[in-house]
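Before any comments, here is the structure.
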Amino acid sequence: MKKVAIGGGQGFWGDSPDAAVHMINTADIQYMACDYLAELTLSIMAKQQLKDPKRGYAPDFVTRILKDAGRTAKQRNIRLITNAGGMNIQGCVDAIRGWAQGEGLKGYKIGYVTGDDIKDQIPQLLRDGWTFPNLDGEGDFTEIVEKIYNCNAYIGHEGIEACIDQGADTVITGRAADSALFLAPLKHELGWAADDWDSLARGIMAGHLLECGGQGAGGNYMYDWRHVPRMDELGFPIAELTAGTLELTKAPDCGGVICEQSTKEQFLYEVLDPANYITPDVVVDVTGAAIRQQGENRVRVEGIRGRRRPDTLKLCVGYHKGWKTVSMLSFAWPDAYEKARYCAEVIMKKMARIGMRADDVHISYIGLNSLHLNVADTSERAVKDLNECVLRIAVFSRDKAECAKIIPEISPLQLNGPPGASFFGGRARVQEVMALWPTTVPRDAVKAAGRVIEA
């Protein structure tokens, strides 16, 4: 029975390349997919490209993975798939071509998929009556149209598979759905039909288990993080599939763990509704899934079901929302929290006196409630003997000048406020706030296409 093995090489832009390089060098895999894009990554890339047309993609794929292991991947017939193209797919393709030519890899095939960027189509879609409803139920899309940085649809596997069909050694995309990077080679190799929803769902969940890199192999592991072996050499997960099975493992001679508990944590990560996990390729139902240990660092996943794909695609719209300033002061024991809270009151009185008009002010205390917010334990027992506490004040405004008003009022409080204050991190600065407008777009409005060139 034919078996296909695919590894997850990156979980985000800035992730370590070590596991990917080790996997290419040691693992018995035919494919590796690297995910670089989070929801607002494309907005950051879009801003970069405005300043420099050559930027706007994740150069790490070329400078860290291809540079260290690309030649080995080619020699071992491991094909690479990534969404590192971001907002500048052509720029990423050019960088890969330059690398391949520098390595003397004549005939190296580079596939690339375009069509996810639909920013130029927004005016016509609005005229056609599409309202781009916010999935969080907030606001009117027409109010942000002039502030948009990027507008990218979560495309599915089709363009990627077309490049694989044409023999691409590496395939570059923009905002493909993370799991589609993994589904495409599985569908290609195992010959699944376009409406074999159960098989497609299994392929999607294989991708889902790999797309976050180390998080699927003992990284960020809530259940038993203390006993993850060799976390300094953390390996990333590998999915092995046949026509009817899905198993998870990892490369030899590396750290990490593949077990029922670590797999379950990643399995339900960001799924929201286990009966209706919506992707561009298939709607997945995992309510009947079973995850069982099959041996050391090997888990089998069964019982995944699928239904017809949706008629719409998720759309990631990044836009300019306003400005923010974040300021911090630290306080030492004794009475660290009491002094920090009193200092916050002093600052807010000063801001009221000079007439600062902020749209939002958020005050939290690092070491007490900056993460757990209003569910944090702020009882007298909890705050009495804090060794230290950091006051954090974040000001948001649509007016840049309003955010700047608080900046000169922070550092003087080292001497003009409660005792024990320490100013650190340098003078605060006003920063742009980029926000996400999650919405949908009709599937037929997105024309993704895959092409292949030779270096």
Side-chain angles (χ1 to χ4, degrees), residues 40 43-44 47 134 136-149 318-438:
L40 283 175
S43 298
I44 296 170
K47 282 194 65 179
N134 190 305
D136 294 328
E138 301 173 0
D140 181 346
F141 184 76
T142 59
E143 296 176 359
I144 71 162
V145 169
E146 300 302 321
K147 304 174 184 178
I148 291 175
Y149 279 121
Y319 68 100
H320 169 86
K321 187 174 183 179
W323 306 91
K324 69 175 181 180
T325 300
V326 179
S327 302
M328 290 185 284
L329 281 170
S330 62
F331 294 85
W333 181 92
D335 308 316
Y337 171 62
E338 182 182 356
K339 291 183 286 191
R341 188 175 60 180
Y342 185 82
C343 190
E345 293 172 359
V346 170
I347 293 171
M348 287 300 97
K349 287 178 180 178
K350 285 177 171 286
M351 294 302 95
R353 191 155 54 246
I354 65 176
M356 181 183 73
R357 298 185 303 277
D359 294 297
D360 190 21
V361 177
H362 177 77
I363 298 174
S364 62
Y365 301 91
I366 299 173
L368 183 66
N369 68 352
S370 62
L371 295 179
H372 289 128
L373 304 179
N374 60 350
V375 300
D377 179 7
T378 57
S379 65
E380 182 178 354
R381 176 195 60 79
V383 304
K384 181 179 180 182
D385 290 317
L386 283 178
N387 288 320
E388 57 202 42
C389 183
V390 179
L391 165 65
R392 180 183 185 274
I393 298 181
V395 176
F396 168 76
S397 176
R398 290 176 176 81
D399 185 340
K400 188 175 183 179
E402 293 301 315
C403 283
K405 288 180 178 179
I406 197 172
I407 294 175
E409 303 297 338
I410 302 299
S411 59
L413 287 165
Q414 295 173 97
L415 301 180
N416 300 344
S422 175
F423 178 60
F424 67 96
R427 187 179 176 92
R429 59 188 177 89
V430 178
Q431 298 173 286
E432 183 181 13
V433 174
M434 293 182 292
L436 177 69
W437 185 281

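One is the number of the first residue; the rest follow in order along the sequence. Source: prediction; values computed, not measured.
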Check: Ser364 side chain, Asn369 main-chain N or O, donor-acceptor pair, under 3.5 Å: no
Approximate separation, where rounding is to 0.5 Å, of Thr378 OG1 and His372 NE2: 13.0 Å
Minimal non-hydrogen separation, Trp323 against Phe396, with atom names: O-CD1, 3.1 Å
Interatomic distance, Ile354 atom CD1 to Lys349 atom NZ [nearest 0.5 angstrom]: 15.5 Å
Val383 vs Glu338 side-chain heavy atoms within contact, under 4.5 Å: no
Heavy-atom side-chain contact between Asn134 and Pro438 under 4.5 Å: yes
Criterion side chain to side chain contact (heavy atoms under 4.5 Å, CB included) on Trp333 and Glu388, from CA distance to verdict: CA-CA 6 Å; Trp333 181 92; Glu388 57 202 42; over 6 Å; no
Shortest non-hydrogen contact between Gly367 and Leu386, atoms and distance: O-CD2, 4.0 Å
Worked check of side chain to side chain contact (heavy atoms under 4.5 Å, CB included) between His362 and Arg392: CA-CA 8 Å; His362 177 77; Arg392 180 183 185 274; 4.0 Å; yes
Pairwise side-chain contact, Val395 with Met351, heavy-atom cut-off 4.5 Å (strictly under): no
Any residue meeting side-chain contact (heavy atoms from CB on, under 4.5 Å) with Ala435, in chain and number order, not counting sequence neighbours: Tyr319, Lys321
Met434 side, atom CE; Lys147 side, atom NZ - distance, nearest 0.5 Å: 15.0 Å
Heavy-atom side-chain proximity of Tyr149 to Leu40 below 4.5 angstrom: no
Atom pair CZ (Arg341) and CG (Asp335), whose distance is rounded to the nearest 0.5 Å: 10.5 Å
Interatomic spacing from CG in Leu329 to CD1 in Ile393 - rounded to 0.5 Å: 7.5 Å
Val390 side chain near Phe331 side chain, heavy-atom distance below 4.5 Å: no
Donor-acceptor side-chain pairing of Asp140 and Thr142 below 3.5 angstrom: yes
Atom pair CZ (Arg427) and OG (Ser327), whose distance is rounded to the nearest 0.5 Å: 9.5 Å
Non-hydrogen side-chain atoms of Lys339 and Pro419 separated by less than 4.5 Å: yes
Neighbour count above 12 (heavy atom, 6.0 Å) for Leu373 CG: yes
Validation row: Ile407, Val430 side chains within 4.5 angstrom (heavy atoms): yes
Smallest separation among heavy atoms of Asp359 and Arg398, with atom names: OD2-N, 2.8 Å
Side chain Thr325, main chain Cys403, donor-acceptor under 3.5 Å: yes
Chi angles and distances behind the side chain to side chain contact (heavy atoms under 4.5 Å, CB included) call for Tyr365, Leu391: CA-CA 5 Å; Tyr365 301 91; Leu391 165 65; 3.7 Å; yes
Check ion pair Lys405-Glu402 (N to O, under 4.0 angstrom): yes
Residue Glu409 excluded, over 12 heavy atoms near CD under 6.0 Å: yes
Backbone N/O of Glu138 and side chain of Asp136: donor-acceptor pair under 3.5 Å: no
Any side-chain heavy-atom pair of Ser379 and Lys384 under 4.5 Å: no
